Amino acid sequence: EVQLVESGGGLVQAGGSLRLSCAASGFTFDDYAIGWFRQAPGKGREAVSCIASYDHRTYYTDSVKGRFTISRNNAINTMYLQMDSLKPEDTAVYYCAARFQFLVSARISDYDYWGQGTQVTVSS
């Protein structure tokens with residue numbers, strides 16, 4: 001079965017770093033664009049960063065540019081979100097998602113598979 005499993009969340013102080021991982025199985029990972037989304041308490045889910053399949057073009061929402069880095073390792077069916085200089089406003093549940101398209105997309109409706117999320121809490 002298709003699975004996306006996030007890990008690496010936790011509690012960190014402002015200015016600190018975390019690396020989220022998403023392990024994929026049950027589909028041809030190389031053919032899917034991947035996205036990281038987050039949902040803060042009382043807010044809607046938003047795209048944080050996305051990466052294409054073959055050319056690895058990326059998207060970052062403005063609030064994380066220069067601080068977060070998305071990457072993928074197709075050899076082990078894993079994607080990552082390196083988060084540096086974390087801020088309290090980054091606090092959210094983070095989800096990884098996959099879509100059967102080559103190009104990146106920040107649209108939630110474009111994604112086929114979703115993980116269950118991992119909590120990131122940034123204290124001031």
Side-chain angles (χ1 to χ4, degrees):
E1 65 182 88
V2 172
Q3 285 191 301
L4 293 170
V5 182
E6 302 94 338
S7 62
L11 175 64
V12 65
Q13 293 183 334
S17 298
L18 287 172
R19 189 183 75 162
L20 304 184
S21 298
C22 177
S25 61
F27 62 98
T28 306
F29 184 76
D30 303 38
D31 293 335
Y32 285 72
I34 302 295
W36 284 98
F37 295 77
R38 67 186 180 188
Q39 187 165 14
K43 298 182 180 179
R45 191 170 299 186
E46 65 169 345
V48 177
S49 183
C50 307
I51 186 167
S53 54
Y54 295 111
D55 66 6
H56 291 189
R57 292 183 180 183
T58 57
Y59 160 87
Y60 296 92
T61 191
D62 287 345
S63 63
V64 308
K65 287 180 179 177
R67 300 189 298 119
F68 290 10
T69 304
I70 192 170
S71 62
R72 62 191 295 165
N73 187 337
N74 290 342
I76 58 172
N77 294 346
T78 303
M79 63 177 292
Y80 306 94
L81 184 68
Q82 178 67 44
M83 305 186 294
D84 298 321
S85 301
L86 283 161
K87 302 176 180 179
E89 51 263 43
D90 296 318
T91 296
V93 177
Y94 283 71
Y95 302 87
C96 64
R99 63 187 296 255
F100 187 56
Q101 295 289 338
F102 298 139
L103 303 180
V104 299
S105 174
R107 295 174 58 89
I108 293 172
S109 61
D110 284 347
Y111 286 80
D112 302 301
Y113 306 120
W114 291 83
Q116 296 184 42
T118 185
Q119 177 70 47
V120 172
T121 302
V122 184
S123 62
S124 60

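Computed from a prediction, not measured in an experiment: that's the story for all the values here. All heavy atoms count here, side chains included; hydrogens, waters and symmetry mates do not.
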Taking A52's backbone N and O only, do any of them form a donor-acceptor pair with R57's side chain (distance below 3.5 Å, no angle check)?
no

Evaluate whether atom OH of Y54 has more than 12 neighbouring non-hydrogen atoms of other residues, nucleotides or ligands under 6.0 angstrom away.
yes

Using every non-hydrogen atom in the two residues, find where G26 and V2 come nearest and quote the distance to one decimal.
O-CG2, 3.5 Å

Supply the atom-to-atom distance I51 CD1 to Y80 OH, rounded to the nearest 0.5 angstrom.
12.0 Å

E46 atom CD, over 12 foreign heavy atoms within 6.0 Å
yes

Carefully, step by step, assess S53 and R72 under the rule side chain to side chain contact (heavy atoms under 4.5 Å, CB included).
CA-CA 9 Å; S53 54; R72 62 191 295 165; 4.3 Å; yes

As a test of understanding, state which of T118, T91, D90, T61 forms a side-chain hydrogen bond (donor to acceptor under 3.5 Å, both in side chains) with R38.
D90

Find out if a path of hydrophobic residues (ILVMFWY) with successive side-chain heavy-atom gaps under 4.5 Å connects L103 to I34.
no

Using ring centroids (six-membered ring only for Trp), state whether Y111 and F37 fall under 6.0 Å.
yes

Full working for side chain to side chain contact (heavy atoms under 4.5 Å, CB included) between D112 and Y32
CA-CA 10 Å; D112 302 301; Y32 285 72; 4.2 Å; yes

What's the shortest heavy-atom distance between F29 and N77, and which atoms?
CB-OD1, 3.3 Å

Between Y60 and F68, does a ring pair (Phe, Tyr, Trp, His ring centres under 6.0 Å) hold up when you go through it step by step?
CA-CA 8 Å; Y60 296 92; F68 290 10; 8.2 Å; no

Cluster overlap M83 with V12, hydrophobic side-chain contacts below 4.5 Å:
yes

Any chance you could measure W36, atom CH2, to Y94, atom OH, to the nearest 0.5 Å?
10.0 Å

Close side-chain approach of E89 and S63, heavy atoms under 4.5 Å:
no

Any donor-acceptor pair under 3.5 Å from E6 side chain to G117 backbone
yes

Interatomic distance, L18 atom CG to Q82 atom CD [nearest 0.5 angstrom]:
8.5 Å

Quick one: do V104 and Y95 end up in the same hydrophobic cluster if we chain Ile, Leu, Val, Met, Phe, Trp and Tyr together by side-chain heavy atoms under 4.5 Å apart?
no

Check whether L81 and Y59 end up in the same hydrophobic cluster, where Ile, Leu, Val, Met, Phe, Trp and Tyr are linked by side-chain heavy atoms less than 4.5 Å apart.
no

To the nearest 0.5 angstrom, please state how far the OG1 atom of T28 sits from the CG atom of D31.
5.5 Å

How long is the gap from NZ on K87 to OG on S124, to the nearest 0.5 Å?
13.5 Å

Could you pull out the closest heavy-atom pair between S105 and C50, with the gap in Å?
O-SG, 3.0 Å

How many angstroms lie between atom CE of M79 and atom CG of L20, to the nearest 0.5 angstrom?
9.0 Å

Would V93 end up clustered with W114 when hydrophobic side chains under 4.5 Å apart are linked, directly or stepwise?
yes

For A14 versus P88, what's the shortest heavy-atom pair and its separation?
CB-CD, 4.1 Å

